[in-house]
Amino acid sequence: MHTKIFGLMVGLIAIVALSMAAFLAYIEYHNIYERLGDQALSSAVHIANSPEVVDAFTDDNPSELLQQYADHYQRDMEAEFIVIGNDEGERYAHPDEWKIGEAMVGGDNDLALIAGRSYVSVAEGTRGMSLRGKTPIHSADGEIIGVVSVGFLVQDIHAEMWQRIGVIVLITTVIVVIGALGSMLLSRSIRKDMYGLEPKDIGALYHEREATFAAIREGIIAVDSSGVITSLNSSARKILNVSGDIVGKPVQEVIVETKIPRVLRTKKAEYNDELFINGQTMIVNRQPILHGADIQGVVSSFRDKTEMIEMANTLSDIKSYSEDLRAQNHEFTNKLYTLSGICILGFFKKRNRLSHMKHP
């Protein structure tokens, strides 16, 4: 049972902890994507609305101004890249300057350049798969003149996610270990409270107790520390003349004259006490159930005094008969000794007579 409780508790804690870890990992995964996506999109919108960026599109060499602005802003927000392109998707700014003038890749500019929408997308770029925030750049009269793309590499997002999952796994492991230690202490405590008995041993003890109760002719009644009846045998029911389920009732409701509450207070056993119950005089024994200094209940046995007197008279008659037999046996033994002596004496006299006849 000790092993079963330990295994069950550890298994349950492990299942709950792993389930929570998986749930938290899932939440973290989506939170990281959502947070970085919102960050990328808000940064792209901020850049697209910047007067410096809008004015740079009217310059003869917009790439020079936009590249400086993008480099400065990228360092501040720690994005993987900031790419600014015109309305044809041609790069005006890129972290790799040698790629300026080339067409933007990923195929996800149409919603910004054609529909004029701001959005978050995941696409394959020159630096790998990335999470991007895209928004169109509008001129002073509201015409779409370009697009801004701010992104984070998916592999970096996954690295951050695995780092957080590692923390979750570590916390989960600590929880499982603490749960295992707690389960071990709990199972040991339960085993100690059960006196090292297994469930089958407890079942056997229960059946033995029931059989013992049934075999005892004396009435047996047990109460807990509050004086509530916990068990009684059939002889007790017969003597008390009660029927039905009285287990769980206060003992004073069943036996008004009982002195069990006194034993609960004093914690001292009482033997051979006379008690008048239902018109009969009973000989009662009361034994407290102690656990250390605490009393957990009382067991009381009682039997009709008349039966005990009859038994005592019977024993007295048997003793008297035994004494008579002993006296008769002694008398008969004396007679045998007497007869034996007479026989021996007669034998010697006869032998002497024969001896005189042979030698006159």
Side-chain angles (χ1 to χ4, degrees), residues 24-59 61-140 142-165:
L24 291 176
Y26 176 81
I27 296 298
E28 280 294 322
Y29 176 81
H30 285 276
N31 284 344
I32 291 174
Y33 264 84
E34 184 176 358
R35 177 177 59 81
L36 292 179
D38 291 342
Q39 181 180 346
L41 183 59
S42 62
S43 298
V45 171
H46 176 77
I47 293 172
N49 293 330
S50 173
E52 297 178 10
V53 173
V54 175
D55 293 341
F57 272 83
T58 61
D59 192 81
N61 187 14
S63 294
E64 182 178 354
L65 298 176
L66 293 175
Q67 182 65 24
Q68 292 177 0
Y69 182 88
D71 287 343
H72 175 75
Y73 199 86
Q74 181 180 345
R75 287 192 298 270
D76 289 343
M77 69 168 295
E78 298 181 353
E80 178 63 26
F81 61 83
I82 295 177
V83 178
I84 302 175
N86 61 15
D87 56 352
E88 298 295 330
E90 180 183 335
R91 299 188 185 103
Y92 279 175
H94 192 279
D96 301 325
E97 294 186 10
W98 56 272
K99 294 180 181 179
I100 295 175
E102 298 180 358
M104 299 173 67
V105 297
D108 55 346
N109 286 336
D110 290 345
L111 287 176
L113 293 176
I114 298 175
R117 292 172 53 186
S118 299
Y119 56 92
V120 176
S121 68
V122 178
E124 182 78 27
T126 58
R127 293 194 168 190
M129 190 67 69
S130 58
L131 176 68
R132 310 167 173 197
K134 287 183 175 286
T135 190
I137 303 173
H138 295 88
S139 63
E143 181 183 356
I144 296 176
I145 58 176
V147 62
V148 177
S149 179
V150 179
F152 298 90
L153 289 179
V154 170
Q155 64 180 12
D156 293 339
I157 297 175
H158 288 172
E160 182 180 353
M161 182 185 69
W162 282 113
Q163 183 178 5
R164 296 193 180 187
I165 290 177

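The figures here come from the full heavy-atom set of this structure, side chains too, leaving out hydrogens, waters and symmetry mates.
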request  = Search all heavy atoms of Pro136 against all heavy atoms of Ala48 and return the closest pair with its distance.
outcome  = O-CB, 3.5 Å
inquiry  = Can you give me the closest heavy-atom contact between Val54 and Ser139, atom names plus distance?
reply    = CG1-CA, 4.3 Å
message = Less than 6.0 angstrom separating the ring centers of Phe152 and Phe81, yes or no?
response = no
task = Would you mind checking if Asp38 and Arg35 are paired as a salt bridge, meaning a charged N to carboxylate O distance below 4.0 Å?
result = no
query = Is Arg127 atom CZ crowded by more than 12 heavy atoms from other residues, nucleotides or ligands, each under 6.0 Å away?
reply = yes
key: Aromatic ring pairing Tyr33/Tyr29, orientation class (parallel under 30°, perpendicular over 60°, tilted between)   = tilted
request  = For Ile100 and Gln67, work out which heavy atoms get closest and say how close.
outcome  = CD1-OE1, 3.3 Å
query = When you measure from the side chain of Asp96 to the backbone N and O of Trp98, does any donor-acceptor pair fall under 3.5 Å?
reply = no
key: Test log, rule side chain to side chain contact (heavy atoms under 4.5 Å, CB included), inputs Lys134 and Met104   = CA-CA 12 Å; Lys134 287 183 175 286; Met104 299 173 67; 3.9 Å; yes
query = Going through the distances and angles, do Val147 and Ile84 end up as a side chain to side chain contact (heavy atoms under 4.5 Å, CB included)?
reply = CA-CA 6 Å; Val147 62; Ile84 302 175; over 6 Å; no
request  = Classify the side-chain pair Glu28/Asn31 by whether it contains a donor and acceptor separated by less than 3.5 Å.
outcome  = no
Smallest separation among heavy atoms of Leu131 and Gly37, with atom names = CD2-N, 3.6 Å
request  = Before accepting this row, confirm whether a basic side-chain N of the pair Glu80/Arg132 lies closer than 4.0 Å to the acidic partner's carboxylate O.
outcome  = no
task = Search all heavy atoms of Ala93 against all heavy atoms of Ala70 and return the closest pair with its distance.
result = CB-CB, 4.0 Å
